[in-house]
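Order of listing sets the numbers, starting from 1, for every ligand and every atom in it. Positions are given from 1, in the same order as the sequence printed here.
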Amino acid sequence: MDKFVIKGGRRLTGEVTISGAKNAAVAILPAVILSDEPCIIENVPSISDVNICLRILKEMGVGVVPLGKDTYKIDPTSIRNFVVPYETARKMRASYYFLGALLGRFNKARVSMPGGCPLGARPIDQHLKAFAALGAEYNLSQGMIDLKAAKLRGNQIFFDVVTVGATMNAMLAAVKAEGLTVIENAAKEPHIVDLANFLNTMGANIMGAGTDVIKIRGVQKLHGAVYSVIPDQIEAGTFMAAVAATKGDVLIKNVIPKHLESITKKMEKIGVNIEQFDDSIRVWVDGPLVKANIKTAPHPGFPTDMQSQIATLLTLAEGTSIITENIWEQRFGYVDELRRMGADITVNGKVALIEGTGKLMGAPVKACDLRAGAALIIAGLAASGVTEIEDIFHIERGYDCMEGKLRQLGADIEKVSIPDTKSEKNSEHGKAAV
Ligand code: EPZ
């Protein structure tokens with residue numbers, strides 16, 4: 001097992017380049033299964049969620065050839081099965097995208113129930129509702145979801161909740177279904193648009209992605225394509241919060257400013273200066289940080305995946321801030337760890353009250369999920385003294401070489417190996433990516 005050791009109190013300065021978006025890549029890579037020809041996918045982040053995705057594809061007989069640091073040639077023409085085994089699937093939350101892609105290609109799929117996660121229950125009833133609407137039957141046995149359809153036919157799908165995963169899966173299953181599919185109450189995140197753009201590049205006919213009504217006209221075949229994954233808005237937001245927490249001054253490159261709008265607006269209210277360019281933003285702080293009220297919401301609202309990072313920043317601001325987490329029941333797991341560093345946070349249900357103390361102290365802490373881990377890194381960078389973060393495998397599922405990028409900006413952060421104890425090894429396998 002590894003841990004991060006951070007000596008805090010150093011300003012982040014210089015330039016950093018954002019990697020491809022995790023939540024787009026983990027949907028686009030399975031989507032290649034739908035093509036009758038090889039695809040080349042660029043700007044793929046080097047993170048463990050993506051590595052598991054590529055491993056699943058290889059285990060199915062799909063050709064995966066690295067063409068450079070973040071580019072892969074993926075050839076689905078030799079695919080030989082439609083099963084995603086329990087052992088691999090449960091390690092990655094997004095393994096459920098193989099359901100939509102395999103169903104869309106083979107009219108059948110067998111994928112293990114995605115693992116639980118520390119965000120609370122993560123049901124997949126809306127995914128199954130979408131598959132059933134298109135004509136698939138599903139059966140759950142031994143932790144595996146079995147889907148099969150004599151024929152997939154376009155239909156009306158109305159989601160009871162706004163759900164990124166089910167919107168993605170409905171698109172994957174519908175692109176080759178016969179006739180028109182209309183998805184209503186669809187999620188509008190940038191990664192939804194990215195998947196739709198990739199599918200259309202392969203010859204699909206999808207209109208309206210990024211709005212709450214997506215129309216898909218089924219096509220017979222999908223051909224090969226060359227496609228570049230969008231930059232990761234959450235990685236960019238995480239660096240914005242880290243720069244602000246250390247009162248630094250950094251140019252964050254390879255971003256789409258439009259995707260960061262809700263984060264930028266909140267940061268500016270807190271007292272962070274942000275200058276936007278075509279594909280980069282300059283972030284700096286030259287005055288006090290002040291309190292803010294944050295309510296997470298589906299895009300274009302403030303992203304839940306930035307909640308723990310901005311909460312950490314607000315522990316350093318003057319005044320009392322309020323955070324309302326409207327997406328996940330249990331997304332304040334990081335609060336206990338921040339309290340060990342001197343933060344004054346009170347959680348009551350889905351609301352956290354943050355008394356800005358203006359300072360944090362280094363301490364040994366543990367990451368409990370991907371973005372909680374990112375929050376602890378931000379806290380460690382801003383704290384006085386040394387912070388040691390364990391269970392960093394959570395962080396490495398979604399951030400491409402975080403410590404290297406931070407060191408480049410002047411942070412004193414090292415990855416240190418610690419001897420595995422048997423229980424820790426087992427616990428890692430039990431955890432699923434978020
Ligand atoms: C995706 O999860 C992201 N993960 C999450 O990012 C992100 O927090 C979430 O979207 C919201 O933006 C990936 O893309 C791999 P949802 P997903 O379906 O698709 C309920 C990170 O940090 N719901 O949009 O699982 C659900 O319980 C991770 O990168 C149902 O009720 O989220 C939740 O309350 C963490 N039934 C809400 O909808 C369903 O069938 C939104 O979930 C599906 C979801």
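Of all atoms in ligand 1, listed by their number and element, those nearer than 4.0 Å to a heavy atom of T304 are 8 (O), 11 (C). Less than 4.0 angstrom separates some heavy atom of V164 from each of these atoms of ligand 1: 10 (O), 12 (O), 16 (P), 18 (O), 19 (O), 24 (O). Those atoms of ligand 1 with a heavy atom of Q126 less than 4.0 angstrom away are 36 (N), 39 (C), 40 (O).
Of the candidates P303, P123, S95, the one placing a heavy atom closest to atom 43 (C) of ligand 1 is P123. Among D125, V161, V162, N169, the residue whose heavy atom sits closest to atom 41 (C) of ligand 1 is V162. In this comparison of H299, R331, R371, H127, the heavy atom closest to atom 35 (C) of ligand 1 sits on R331. Of all the listed residues (Y96, F159, W328), W328 holds the heavy atom that lies closest to atom 33 (C) of ligand 1. Considering each of N326, D305, T167, the one bringing a non-hydrogen atom nearest atom 21 (C) of ligand 1 is D305.
Under a 3.5 Å cut-off, the side chain of R397 and the backbone N or O of L370 do not form any donor-acceptor pair. At distances below 3.5 Å, at least one donor-acceptor pair connects side-chain atoms of T312 with backbone N or O atoms of S308.
Between M240 and V250 there is no side-chain heavy-atom pair separated by less than 4.5 Å. Residues K415 and V5 are not in side-chain contact: their nearest non-hydrogen atoms beyond the backbone lie 4.5 Å or more apart. Residues L199 and M202 meet the side-chain proximity criterion, which asks for heavy atoms closer than 4.5 Å.
Between D305 and R331 a salt bridge is recorded (basic side-chain N to carboxylate O distance below 4.0 Å). Residues E329 and K350 are not paired through a salt bridge, judged by the lack of any N-O separation under 4.0 Å between the basic side chain and the carboxylate.
Considering backbone and side-chain N/O of G165, one or more are found under 3.5 Å from N/O of ligand 1. When only interatomic distances are considered, the shortest N/O to N/O separation between I327 and ligand 1 falls below 3.5 Å.
Under 4.0 Å from ligand 1, not a single heavy atom of A166 appears.
Shown here for A133 and Q156, the closest heavy-atom pair between the two residues is CB-O, 4.1 Å.
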